[in-house]
Number of protein chains: 2
Amino acid sequence: MPSHKSIGRLSLYRSILNRLLRDGVNSLFSHELASLAGATPSQVRRDLMVTGYTGSPVRGYDVRDLLASIGRFLDAPESEGVALVGVGNLGRAIMAFFTGRRPSLTIQAAFDRDPYKVNRVIHGIRCHPMEDLESVLVREHVRVAIITVPAIEAQDIADRLCRAGVKGILNFAPVRLRVLPSVFVEDVDVTMSLEKVAYYSRQGNRAEGI
Amino acid sequence: MPSHKSIGRLSLYRSILNRLLRDGVNSLFSHELASLAGATPSQVRRDLMVTGYTGSPVRGYDVRDLLASIGRFLDAPESEGVALVGVGNLGRAIMAFFTGRRPSLTIQAAFDRDPYKVNRVIHGIRCHPMEDLESVLVREHVRVAIITVPAIEAQDIADRLCRAGVKGILNFAPVRLRVLPSVFVEDVDVTMSLEKVAYYSRQGNRAEGI
DNA sequence: AATAACACGTGAAAAAGATAACAGTGCTAC
DNA sequence: GTAGCACTGTTATCTTTTTCACGTGTTATT
Ligand SMILES: NC(=O)c1ccc[n+]([C@@H]2O[C@H](COP(=O)([O-])OP(=O)(O)OC[C@H]3O[C@@H](n4cnc5c(N)ncnc54)[C@H](O)[C@@H]3O)[C@@H](O)[C@H]2O)c1
Ligand SMILES: NC(=O)c1ccc[n+]([C@@H]2O[C@H](COP(=O)([O-])OP(=O)(O)OC[C@H]3O[C@@H](n4cnc5c(N)ncnc54)[C@H](O)[C@@H]3O)[C@@H](O)[C@H]2O)c1
């Protein structure tokens, strides 16, 4: 049972390793990955333990094998669909960002209540009307959703998503969602992050870990 | 010296308190704030300790006073300007989001290298050419910046920002920036967050704290 | 008036997380 | 061939963060 931070770092390692692989790097040591990730070598080794992959003291970690191992650990057995609710400024930016990126995690359907957006295809993703939310999610077995609607609407949307079987929500609206304990919610609060940056920019303090 | 998490929660409390104030709530108890923030009452009380504000066991916390106290603790003495580099999909969404929001922390200048964006005013914010970066930042005493350029460009931008006197960076590009220890960097990694959600959605695990 | 109830602030205990330490291993170089 | 080296996996230690628990003061109630 690895910690939440550890899971986050594994995802970070993967993105670093993917870039290294594109650059022709075939193997590396824990201290090299640590340096790229802003972590310590021990931390890297400890994180990688949970994936079951074991490197060689001589050659270090094989980038390809390690990527595969992280993938087996982090990803669903088969590729997973994600729904996004709220095709506004932020929602569209995220849709643009994720198109043709990670094959194992793709935004499969978008939803909005604005009739000007409904039934359009935006960044390759079909925008459905809100009344189709439950049916589309159930039909496509969507278990992960992104909320980018205004804060006031977010709780209602979360309730509907949960009723439709969603088990994980990435929430950009600045409210804490109330959901069943079996549903995982991760909040991305940009205002909070910016205020934190402003605070520490004044304290002359070092950046925090990952 | 409060923890990083604690600073984040103070910002969250503030946003909750602001909303409560608009709804006509004048005072509350630690357990009420805790419940809204997804924290425990002890944690709330402990976090608030650092601001120096002390509530009454009878009436709880006065929302207005508490807001003022958090503000004194978190905010700069006078309102602070923020720069944003990379007026793309995400950059524009963030610019739209922050216009007319927090008076103490406003995006004052944007920068992009695309000539179609330069010298336009977007969401009320002037987009400057990259060659003016240093001069504008120094002139306007900007100490906090947001990076929303492609990953490959982010390190260069960070270097220039630091040279121009920036002390805190909110970084949306999926790379770890190398900066002097005196500069604070906060990363927002959407891919990582989404992968985390996907992972825990499969584990039937409870959401993490804040 | 005495007492129960309640929430605050805060020191102490517990839990979580990060770092350091160390034994084991295979290569290199004498 | 074997001493030295550089790395791994993993356990042990240390640090940070969260939770508990209790003394205090105030109001309501008997
Ligand atoms: N834009 C940003 O950079 C940014 C940053 C941080 C947080 N956020 C948060 O993300 C959310 C969206 O921000 P935005 O800037 O994209 O806002 P926006 O107004 O541009 O977009 C909101 C979208 O949600 C749709 N919507 C509203 N209510 C709905 C409902 N009940 N059902 C379905 N769709 C609905 C609207 O039609 C619109 O398309 C907000 O909660 C905001 O606070 C945005
Ligand atoms: N869009 C999202 O939802 C999203 C989510 C997470 C992370 N990100 C990250 O945010 C960054 C921006 O994403 P985006 O979707 O807005 O990309 P984008 O391509 O839409 O925007 C990038 C902008 O940066 C400008 N730019 C590029 N190089 C520059 C330079 N050297 N100097 C100044 N300006 C420069 C471009 O002209 C463009 O306007 C990327 O690093 C991306 O990985 C985006």
Side-chain angles (χ1 to χ4, degrees), chain A residues 1-13 17 25-63 65-66 69-70 73 176 192 196 199-200 203 205-210, chain B residues 1-13 17 25-63 65-66 69-70 73 176 181 192 196 200 203 205-210:
Chain A
M1 65 236 64
S3 75
H4 287 223
K5 291 258 200 103
S6 190
I7 299 295
R9 282 193 299 267
L10 283 172
S11 163
L12 173 65
Y13 300 153
L17 291 169
V25 178
N26 288 310
S27 68
L28 45 36
F29 295 110
S30 64
H31 67 263
E32 301 175 292
L33 185 49
S35 151
L36 290 165
T40 64
S42 326
Q43 196 164 45
V44 168
R45 293 203 297 274
R46 172 166 277 270
D47 288 338
L48 297 186
M49 267 181 70
V50 304
T51 73
Y53 180 71
T54 159
S56 141
V58 180
R59 262 172 305 283
Y61 302 98
D62 181 276
V63 174
D65 291 353
L66 181 50
S69 186
I70 294 177
F73 179 79
R176 298 287 295 184
M192 194 205 82
K196 205 163 150 187
Y199 176 82
Y200 281 109
Q203 313 297 314
N205 211 318
R206 174 115 199 77
E208 72 176 321
I210 348 149
Chain B
M1 63 231 68
S3 74
H4 286 225
K5 292 258 200 104
S6 190
I7 299 294
R9 282 193 299 267
L10 283 172
S11 162
L12 173 66
Y13 300 154
L17 292 169
V25 177
N26 289 310
S27 68
L28 44 36
F29 295 108
S30 63
H31 67 263
E32 301 175 291
L33 185 49
S35 152
L36 291 165
T40 65
S42 335
Q43 197 164 44
V44 168
R45 293 203 297 274
R46 182 155 287 265
D47 288 337
L48 297 186
M49 265 180 72
V50 304
T51 74
Y53 179 71
T54 160
S56 141
V58 181
R59 262 171 305 283
Y61 302 97
D62 181 275
V63 174
D65 292 352
L66 182 50
S69 186
I70 294 177
F73 179 79
R176 297 286 296 183
M192 195 205 82
K196 205 162 151 189
Y200 282 109
Q203 313 297 316
N205 211 319
R206 175 116 198 77
E208 72 176 321
I210 348 147

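Only a predicted model underlies this, so the values are computations on that prediction, with no experimental measurement involved. The chains referred to below are lettered A, B, ... by the order of the sequence lines, with proteins before strands, and numbering in each begins at 1.
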OG1 of Thr54(A) to CG of Leu48(A): how many Å apart, nearest 0.5 Å?
10.0 Å
Mind checking Ser30(B) for me? I need base, sugar-phosphate or nothing, with any heavy atom below 4.0 Å counting as a touch.
sugar-phosphate
Arg59(A) CZ to dA6(D) C1': how many Å, rounded?
13 Å
Ranking dG9(D), dG26(C), dT19(C) by distance to the side chain of Val58(A), first place goes to dG26(C)
Among dT10(D), dC7(D), dA18(C), the one nearest Lys5(A) by side-chain distance:
dA18(C)
Shorter than 3.5 Å, N or O on both sides, protein versus nucleotides 12-16 of chain D: list them out with atom names.
residue : atom : partner  : partner atom : Å
dA12(D) : N6   : Arg46(A) : NH2          : 3.3

Find out whether Met49(B) and Arg45(B) are in side-chain contact, i.e. whether some heavy atom of one side chain is under 4.5 Å from a heavy atom of the other.
no
What nucleotide, of dT19(C), dA18(C), dG9(D), holds the atom closest to the side chain of Thr40(A)?
dT19(C)
Is Ser27(A) close to Tyr61(A) at the side-chain level, that is, under 4.5 Å between some pair of heavy atoms?
no
Spacing between Glu32(A) atom CD and dA6(D) atom P, to the nearest angstrom
14 Å
Spacing between Leu28(A) atom CG and dC7(D) atom P, to the nearest angstrom:
12 Å
Can you identify which nucleotide, out of dG9(D), dA7(C), dC7(D), has its nearest atom closest to the Pro57(A) side chain?
dC7(D)
Separation of dC6(C) atom P from His31(B) atom NE2, nearest Å, is 10 Å
Is there side-chain contact between Leu17(B) and Val63(B), with at least one heavy-atom pair below 4.5 Å?
yes
Taking only the side-chain nitrogens and oxygens of Arg45(A), find out if one of them lies under 4.0 Å from OP1 or OP2 of dG9(D).
no
Without swapping roles, check the side chain of Arg176(B) against the backbone of Leu36(A) for a donor-acceptor pair under 3.5 Å.
no
Are OP1 or OP2 of dG17(C) and a side-chain N or O of Gln43(A) less than 4.0 angstrom apart?
no
Look at Thr54(A) and dG9(D) and indicate whether a side-chain polar atom (N or O) is within less than 4.0 Å of OP1 or OP2.
yes
From CA spacing to verdict: ring-ring contact (aromatic ring centres under 6.0 Å, His included), Tyr199(A), Phe73(B)
CA-CA 9 Å; Tyr199(A) 176 82; Phe73(B) 179 79; 5.4 Å; yes
Return the value, rounded to whole Å, for the distance between atom CG of Leu48(A) and atom P of dT8(D).
9 Å
Under 4.5 Å between any side-chain heavy atoms of Ile7(A) and Asp47(A), yes or no?
no
Whole-Å distance between dC7(D) P and Leu33(A) CG?
14 Å
Let's see if you can work this out: which of dG9(C), dT18(D), dT8(D) has an atom nearest to the side-chain heavy atoms of Arg9(B)?
dT18(D)
Nearest-Å distance for atom pair NE2/P, residues His4(B) and dT17(D):
7 Å
Measure CD1/Ile7(B) against P/dT17(D) and give the value in whole Å, please.
11 Å
